[in-house]
Amino acid sequence: MSPTFPGESADEVTATTVPAVPLPAGPVETLTAAPAAALPRVGSRYIWLQVLGQGAVFIAFITPIAISLAVRLGELAPGHQEYLGFITGTGAFWVLLTSPLVGTLSDRTRSRLGRRRPFMLAGMLIGVLSLVVMALAPSVLVLGLGWVLAQAGWGTTLAALQNMNADVLPEEQRGKVAGLTGVSTQVGPVVGVIIASAFTRGQDLAMFLVPGAVGVVVVLLYVLLVKEQDSRGNTFAEPLTLRSLFGRYVYNPRRFPDFSWNWVSRFAFYFGITLSTTFTAYFFAQKLGISVAAIGGIVATLGGAGVLATTLGAIGGGFLSDRLHRRRVFVLAAAVIFGAGAMVMAFAPTLPVLVVGSLLTSVGIGAFAAIDQALLLDVLPEKETEAGRYMGITGFATSIPQAVAPLVASALLVVGVSGADKNYTLLYVAGAVITVGGALAVLRIRAVR
């Protein structure tokens, strides 16, 4: 029996014209997109499969960033750690270019499997191929190609899972699901690193493929146990041409002001946290007057505590926002908590104060990620027909700050200082101001409380 959440039964399934088909693993949920006002509650089986699915994709996908890519790069180009930045940056640029394209194609897919599940399967297959390419890469160039394939594959699978939430989740369950999936995507990379660490000595193929196998198994379970309505009969008001396809990278902000203000808020928050987290190890080293090499243990311990704090923020914020039917105040509160933590860190005189500030930022990050994701689903335009497109456009609000903020941070670090010292105080104050200032944009949203 699948565990249930308060107020739900394991048998709750969204309304559909396709009956559930029993499989050996248990009852199948058949889900179909419906107008937002008509969406019924999903059952706990769907929620757990979403939570496990996104966590498993992160095990397969984020493990290379955390450890596997660095190990392979050390084998292929010893002493050239800087190449890792070029590899990961190229992958991020690929996502920036293709997210709305993939989302639009998903929206327009006609298949017996529905709109999202074909992209889960295709992404998973490309993702597995990418892991083989990275594991067997004979050069840094091929290793980089493998990482771009990983972004294309596993990134597509993750987007399809998230688009399913846009299709079927009712308003009163969005914060809860966002909170729980936020936790799974925090824990997933930690599990992946533990798995991959067992295969770092000459077992490159296993180092990549064993975490990948977790992603394959769980994604297949999701595809088998959560069915979409057959989309072969879907019709569209206008044909999709090459010109109109690329026109879907942009939209008129005045037409969807609530979505636009949420985009601005998300952009500012992720810009601020990227400013404050890019140089964490160097910041702690300067604050404490020790070398970067000696700071590793402190950063690792704080990382573990930060996962717990992020979990607290994500689950607490997500569940409360659903229970109280409020989003905007929780998004703003999350940004204020993060900003307070960043300010504490900026002026912290001792390690214990630094720790307090760091944990506050983690709580704020967890709460914002969960609640803002729920708010996004509340204000997503044209949810019945173009959810994938607008989810892809939302991705710009995360990927652009991650690309630009480190450059801005590098410029801020040299303001008003000389020699080897860096102006981390200014950097963290700027991060706090930008996150809180940006979060004020959600107050302009009218359709959601």
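Residue R112 qualifies as open at atom CZ: its count of foreign heavy atoms under 6.0 Å is 12 or below. Counting heavy atoms of neighbouring residues, nucleotides and ligands inside a 6.0 Å radius, atom CG of L125 exceeds 12 of them.
Judged by distance alone, the side chain of K383 and the main-chain N or O of L377 form a donor-acceptor pair under 3.5 Å. Counting only distance, with no hydrogens or angles, the side chain of D378 and the backbone of V448 share no donor-acceptor pair below 3.5 Å. Remark: side-chain polar atoms of K176 are not paired, donor with acceptor, to backbone N or O of I47 under 3.5 angstrom. With hydrogens and angles disregarded, no donor-acceptor distance shorter than 3.5 Å links the side chain of T156 to the backbone of G123. With hydrogens and angles disregarded, a donor-acceptor distance shorter than 3.5 Å links the side chain of D258 to the backbone of A447. Checked by atom type and distance alone, the side chain of R248 never pairs as donor or acceptor with a backbone atom of T104 at under 3.5 Å. A donor-acceptor contact shorter than 3.5 Å links the side chain of T311 to the backbone of V307. Between the side chain of T98 and the main chain of L101, no donor-acceptor pair closer than 3.5 Å is present. Panel note: side chain S231, backbone T109; a donor-acceptor pair is recorded below 3.5 Å. With S184 contributing its side chain and T181 its backbone, the two residues share a donor-acceptor pair below 3.5 Å.
In this structure, V442 and S265 approach most closely via the heavy-atom pair CG1-OG, 3.4 Å. Considering every non-hydrogen atom in both G339 and V436, the closest pair reads CA-CG2, 4.2 Å. Of all heavy-atom pairs spanning A56 and V214, the tightest one is CB-O, 3.9 Å. Across every non-hydrogen atom of F269 and T435, the tightest pair is O-CG2, 3.5 Å. Of all the heavy atoms in T274 and Y270, the pair that sits closest is OG1-O, 2.6 Å. Contact detail for T425 and A346: the closest heavy-atom pair is OG1-O, 3.4 Å.
One finds a salt bridge joining D372 and R266 here, because a Lys/Arg side-chain nitrogen approaches an Asp/Glu carboxylate oxygen to under 4.0 Å. Look at E386 and R108 and you find no salt bridge, because none of the NZ, NE, NH1 or NH2 atoms lies under 4.0 Å from a carboxylate O. Between D322 and R174, none of the side-chain N atoms (NZ, or NE/NH1/NH2) sits under 4.0 Å from a carboxylate O, so this pair counts as no salt bridge.
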Steps toward salt bridge (Lys or Arg N to Asp or Glu O under 4.0 Å) verdict (D107, R116): CA-CA 8 Å; D107 291 334; R116 311 306 181 190; 3.0 Å; yes
Between Y424 and K287, does a side-chain contact (heavy atoms from CB on, under 4.5 Å) hold up when you go through it step by step? CA-CA 9 Å; Y424 288 108; K287 272 283 185 180; over 6 Å; no
What do the steps show when you test R389 against Y249 for side-chain contact (heavy atoms from CB on, under 4.5 Å), and what is the final call? CA-CA 8 Å; R389 171 199 176 188; Y249 277 68; over 6 Å; no
List the steps, then state whether side-chain contact (heavy atoms from CB on, under 4.5 Å) holds for V363 with T310. CA-CA 5 Å; V363 171; T310 303; over 6 Å; no
Can you check ring pair (Phe, Tyr, Trp, His ring centres under 6.0 Å) on Y251 and F259, steps first, answer last? CA-CA 11 Å; Y251 75 102; F259 175 75; 5.3 Å; yes
Go through L69 and L143 one step at a time and tell me if the side-chain contact (heavy atoms from CB on, under 4.5 Å) criterion holds. CA-CA 8 Å; L69 272 176; L143 185 65; 3.8 Å; yes
Determine, stepwise, if the pair R327 / E171 fulfils salt bridge (Lys or Arg N to Asp or Glu O under 4.0 Å). CA-CA 11 Å; R327 304 286 192 219; E171 183 273 335; 3.5 Å; yes
Test salt bridge (Lys or Arg N to Asp or Glu O under 4.0 Å) applied to D167 and R115, step by step: CA-CA 10 Å; D167 292 339; R115 298 184 297 167; 3.2 Å; yes
CA sep, side-chain torsions, deciding dist, call: F368, F330, ring pair (Phe, Tyr, Trp, His ring centres under 6.0 Å): CA-CA 8 Å; F368 184 93; F330 280 101; over 10 Å; no
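Residues R117 and V219 have side chains not in contact (no heavy-atom distance under 4.5 Å, counting atoms from C-beta outward). Between L39 and L169, every side-chain heavy-atom pair lies at or beyond the 4.5 Å cut-off. A 4.5 Å side-chain heavy-atom check between Q54 and N165 finds at least one atom pair inside the cut-off. Contact check for V132 versus F208: no side-chain heavy atoms found under the 4.5 Å cut-off. Put simply, the side chain of V379 does not reach to within 4.5 Å of the side chain of W261, judged on heavy atoms. Residues L121 and M124 have side chains in contact (heavy-atom distance under 4.5 Å, counting atoms from C-beta outward). Proximity of Q286 to Y282: side-chain heavy atoms (C-beta onward) are nowhere separated by under 4.5 Å. By the 4.5 Å heavy-atom criterion applied to side chains, S139 and L76 are not counted as neighbours.
With rounding to the nearest 0.5 angstrom, the CD1 atom of I365 is 11.0 Å from the CG atom of L360. The distance from atom CD1 of I126 to atom CG of L131, rounded to the nearest 0.5 Å, is 12.0 Å. Rounding to the nearest 0.5 Å gives a distance of 7.0 Å between CZ of F284 and CG of L288. Between K227 atom NZ and Y222 atom OH the span is 12.5 Å, to the nearest 0.5 Å. We find the CH2-OG distance between W94 and S399 to be 14.0 Å, quoted to the nearest 0.5 Å. Separating the CG atom in L302 from the OG atom in S362 is a distance of 8.0 Å, to the nearest 0.5 Å.
Under the 30°/60° scheme for interplanar angles, the aromatic rings of W263 and F267 are found to lie parallel. By the 30° and 60° cut-offs, the orientation of the rings of F256 relative to Y390 is perpendicular.
The side-chain contact (heavy atoms from CB on, under 4.5 Å) test with Q50 is passed by exactly one of L161, L180, V226, V168: L161.
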